[in-house]
> 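This is the structure I want to talk about, given as structure tokens.
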2 protein chains.
Amino acid sequence: MSEQPTLKSVAAAAGVSTAAVSYAFNRPDRLSTRVREHILAVARELGYPGPDAAARSLRTRRAGAIGVIFTVGLSYAFSDPYVLAMLSGLTEVTERTRTGLVLIPFDLTTTGLGEDEVRHSLDAVHRAVIDGAVADGLPDDHPAVLALAARKIPLVRSSETASGRCVVIDDREAGREIGRHLAALGHRDVAMVVAYPEPPGVAVPVVDEAALYPYSRLRLAGVREGLGPHARVRVVSAGRNAQESGRVAAASALGGPDVPSAVAADSDVLAAGVLDAVRLRGLEPGRDVSVTGFDDVPAAEPAGLTTIRQPIRDRGRLMGRMLLDPGFTARRVVLPAELVVRSSTGPAPR
Amino acid sequence: MSEQPTLKSVAAAAGVSTAAVSYAFNRPDRLSTRVREHILAVARELGYPGPDAAARSLRTRRAGAIGVIFTVGLSYAFSDPYVLAMLSGLTEVTERTRTGLVLIPFDLTTTGLGEDEVRHSLDAVHRAVIDGAVADGLPDDHPAVLALAARKIPLVRSSETASGRCVVIDDREAGREIGRHLAALGHRDVAMVVAYPEPPGVAVPVVDEAALYPYSRLRLAGVREGLGPHARVRVVSAGRNAQESGRVAAASALGGPDVPSAVAADSDVLAAGVLDAVRLRGLEPGRDVSVTGFDDVPAAEPAGLTTIRQPIRDRGRLMGRMLLDPGFTARRVVLPAELVVRSSTGPAPR
DNA sequence: ACACTCGTGTTAATCGATTAACACGAGGGA
DNA sequence: TCCCTCGTGTTAATCGATTAACACGAGTGT
């Protein structure tokens with residue numbers, strides 16, 4: 001009753017070799033039913049819960065779990081509808097294969113740190129016992145991505161990568177669609193609200209575009225191209241991908257001397273904040289100021305938000321299959337994305 | 001460049017013992033800076049990503065991760081606002097301690113199976129490399145709970161347990177409050193809509209109450225007590241905790257010969273469906289039929305739902321601290337819950 | 001000069017399993 | 001009878017680390 005029983009102690013108690021006990025649990029057909037059942041009976045009697053998870057992972061080099069890692073803090077992630085849809089798709093396939101899903105936290109601010117500090121802040125990335133990982137939104141050179149790569153852990157990403165596998169949409173073309181849509185409505189002065197990794201703060205800077213998320217850069221570039229060379233595009237951000245950031249960023253853009261006629265947000269979550277800001281100034285979205293989003297999360301439709309629809313759940317599902325389904329060998333899947341026009345966009349005023 | 005480097009190969013390449021390499025990564029102060037840096041340099045050169053996670057977990061008997069297990073399928077869980085709030089609180093503390101969070105899937109239907117089938121369907125529970133686990137809503141005798149207990153994994157539950165730790169609310173007293181509130185409004189015929197583990201279906205049975213979730217039983221008992229001995233209470237369910245189930249169950253209750261004057265739901269999610277059903281019949285909640293929920297999720301307020309408020313995030317936080325914070329030794333924490341009256345309840349008609 | 005601590009590195013046991021290779025007896029075909 | 005196959009169980013190497021105990025040389029106080 002003292003120590004936790006092990007394979008060895010069960011073997012001893014049952015009068016067989018450890019191999020036999022192992023087979024009893026993992027390869028029923030290798031043993032005669034008589035012996036096998038005797039072993040299981042003894043195991044049950046001793047309260048042996050089956051082979052130890054860590055030991056098994058070490059020996060077989062398989063964990064039965066995959067990791068997930070986001071650009072946002074975990075405690076925030078659960079309020080991001082994009083993340084939720086993605087996770088829901090992903091868990092559909094992990095559930096089917098009885099695979100665990102390890103949510104890996106890491107310090108979001110791992111720039112300008114020494115080797116030790118980075119190691120430390122990536123603790124969970126190093127300790128995660130996983131067979132593969134899904135990294136959504138992380139840039140190629142993100143410490144967590146590098147760490148997983150060093151561990152030779154199969155990685156599926158959500159943005160184009162040189163090597164490695166990914167499930168993407170054509171963010172740039174989607175951006176172009178937004179741009180063309182706005183241009184066709186006569187908008188020549190557009191503010192683009194983007195999420196920014198570093199300061200989850202309140203300030204509203206114009207942005208160092210190299211530091212943006214990969215998808216942001218592409219969408220931004222696309223919007224510019226779609227609007228054409230004669231439009232003015234300013235880029236603002238108030239931190240992470242949250243409604244509040246969208247509100248703050250848009251409030252600043254709309255509060256300046258010459259207000260843009262349209263605000264294009266990097267995501268629907270940001271766009272929701274933009275809509276708030278527009279209304280707070282007594283303006284009406286789609287008439288006084290046009291607003292666009294990205295993703296088409298569930299809340300977009302009731303909000304009347306013009307946006308880019310992408311199949312988020314499918315993305316999750318596919319990322320999961322890439323890791324878990326051996327028959328699924330594609331290195332790169334491109335998902336369709338389409339413009340959905342609603343009431344938040346309209347002809348430019350004047 | 002062929003094989004993944006190990007502690008051993010790094011030691012060999014650096015001309016030191018494996019112990020030294022281990023210390024270099026785990027106990028910097030055990031080594032002189034010279035040697036340590038030499039080791040790290042060699043490690044980097046070989047592309048050694050640091051000590052292997054599985055091996056380390058085996059040797060140290062610590063995983064740096066905790067598990068979570070729900071009464072609902074994972075892919076559904078991400079649309080349940082209660083679950084999201086709980087997870088958000090939980091991840092607040094796991095993030096702070098750089099602890100991974102393992103979402104453990106399991107077959108929801110593990111009744112009436114042989115030892116082998118149960119083992120198989122609990123695969124992920126057995127394979128999870130974790131130091132502790134949070135089980136929200138699961139009954140004492142749930143196979144997953146038993147499996148975790150057999151593994152001697154510290155468990156924190158959300159319902160009262162004989163032994164073991166838990167973070168609870170007084171579900172029964174909360175139920176009483178609902179009952180008293182309805183009784184005071186003159187309601188003597190109440191339908192209680194509850195979530196039911198087994199059939200995630202469309203049928204609307206009267207229920208075998210022993211099979212209900214522990215919290216459902218308590219809430220139900222409380223409602224009965226609060227209503228007093230002269231009220232009629234019927235119990236209906238249409239499967240899992242989802243808006244759709246609430247709608248179906250309520251539609252059936254309201255479609256019968258003598259309709260109840262109030263419908264008390266087991267959760268706000270169900271209550272949302274009840275509200276749908278009420279409106280679908282052309283009735284007005286709070287006037288024609290009173291409706292109550294449980295939990296006070298974010299959507300409850302805009303819906304005008306009378307409900308029991310409980311601090312869900314706090315629950316997540318506390319469950320996390322129970323597992324992760326050594327200074328937190330309480331075996332049992334009771335969280336406050338209070339009735340929040342909104343427009344969905346009113347005097348009984350006639 | 002002696003006995004000490006202290007800092008630094010090594011030796012070697014150990015965590016709990018998996019599985020290739022082998023051994024051995026029974027049955028089967030020629 | 002001999003040889004082979006097949007089914008069933010065992011032997012023993014291995015997965016990749018951690019850490020208590022020890023060894024050794026350099027300071028240090030008296």
Side-chain angles (χ1 to χ4, degrees), chain A residues 3-40 42-43 46-64 123 126-131 150-153, chain B residues 3-40 42-43 46-64 123 126-131 150-153:
Chain A
E3 295 294 285
Q4 182 76 345
T6 67
L7 201 72
K8 201 159 142 193
S9 65
V10 171
V16 296
S17 68
T18 62
V21 180
S22 178
Y23 287 142
F25 281 98
N26 303 314
R27 209 100 54 93
D29 49 316
R30 273 296 312 256
L31 254 38
S32 66
T33 356
R34 250 174 56 73
V35 173
R36 175 172 137 74
E37 276 174 358
H38 172 231
I39 292 175
L40 290 182
V42 172
L46 297 181
Y48 178 65
D52 177 82
R56 208 219 278 244
S57 289
L58 170 59
R59 184 61 242 229
T60 63
R61 308 272 65 200
R62 307 198 358 86
D123 242 15
H126 286 110
R127 306 187 65 109
V129 181
I130 50 179
D131 298 322
R151 288 183 57 187
K152 300 256 195 312
I153 290 190
Chain B
E3 295 295 285
Q4 181 78 345
T6 68
L7 201 71
K8 201 158 143 194
S9 64
V10 171
V16 296
S17 68
T18 62
V21 180
S22 178
Y23 287 142
F25 282 98
N26 303 315
R27 209 98 54 94
D29 48 316
R30 273 297 311 257
L31 255 36
S32 66
T33 359
R34 251 173 57 71
V35 172
R36 176 172 137 74
E37 277 175 359
H38 172 231
I39 293 176
L40 291 181
V42 172
L46 297 180
Y48 178 67
D52 177 82
R56 206 219 277 247
S57 290
L58 170 58
R59 185 60 240 232
T60 64
R61 308 271 66 197
R62 308 197 358 86
D123 241 15
H126 287 109
R127 307 186 65 108
V129 182
I130 49 179
D131 299 322
R151 287 183 58 186
K152 301 255 197 313
I153 289 189

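Below, chains carry the letters A, B, ... as their sequence lines are ordered, and counting in each starts from 1.
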> In the 5'-to-3' direction, what one-character label does each nucleotide of nucleotides 16-27 of chain D receive under the scheme B = base within less than 4.0 Å of a protein heavy atom, S = sugar-phosphate only, - = no such atom?
BBBBB-------
> State, to 0.1 Å, how close B:Ala43 and B:Phe25 come at their nearest heavy-atom pair, and which atoms those are.
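Minimum heavy-atom contact is CB-CZ, 4.0 Å.
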> Taking the axis from the first five pairs and the axis from the last five, what angle separates them in the helix from C:dT5-D:dA26 to C:dA30-D:dT1, rounded to 10 degrees?
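What I find for the helix from C:dT5-D:dA26 to C:dA30-D:dT1 is an axis angle of 50°.
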> For the backbone of B:Arg56 and the side chain of B:Thr60, can you confirm whether one donor and one acceptor N or O come within less than 3.5 Å of each other?
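Confirmed, B:Thr60 side chain pairs with B:Arg56 backbone.
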> Please report the closest heavy-atom contact between A:Ala55 and B:Leu58, naming both atoms and the distance.
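The pair with the smallest heavy-atom distance is CB-CD1, 3.8 Å.
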> Are the side chain of B:Arg27 and the backbone N or O of B:Ala24 linked by a donor-acceptor pair below 3.5 Å?
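Absent.
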> Take atom CG of A:Asp29 and atom C1' of D:dG7, then tell me their distance rounded to the nearest Å.
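Spelled out: CG on A:Asp29 to C1' on D:dG7 is 11 Å.
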> For the pair made of CG in A:Leu31 and C1' in D:dT10, what is the distance, rounded to whole Å?
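In whole Å, D:dT10 C1' lies 11 Å from A:Leu31 CG.
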> Can you tell which of A:Leu40, A:Ile39, A:Leu46 makes a side chain to side chain contact (heavy atoms under 4.5 Å, CB included) with A:Val42?
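The passing option is A:Leu46.
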> Of all the heavy-atom pairs spanning B:Val129 and B:Ser57, show the shortest one and how long it is.
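B:Val129 and B:Ser57 have their closest heavy atoms at CG1-OG, 3.8 Å.
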> Quick one: closest heavy-atom pair of B:Arg151 and A:Ala53, and the distance?
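Scanning both residues completely, I find the closest heavy atoms to be NH2-CB, 3.6 Å.
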> If every non-hydrogen atom of B:His126 is compared with every non-hydrogen atom of A:Pro49, which pair is closest and at what distance?
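Looking at all heavy atoms of both residues, the closest pair is CD2-O, 3.4 Å.
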> Taking A:Asp131's backbone N and O only, do any of them form a donor-acceptor pair with A:Arg62's side chain (distance below 3.5 Å, no angle check)?
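Flag not set: sc A:Arg62 to bb A:Asp131 has no pair under 3.5 Å.
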> Is there a side-chain contact between A:Asp52 and A:Arg59 in this structure, where contact means two heavy atoms from C-beta onward sitting under 4.5 Å apart?
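When only atoms from C-beta onward are counted, A:Arg59 and A:Asp52 do not touch, as no gap falls below 4.5 Å.
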> Please work out which residues in residues 9-16 of chain B have a non-hydrogen atom less than 4.0 Å from an atom of DNA chain D and list them by number.
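Contacting residues: none.
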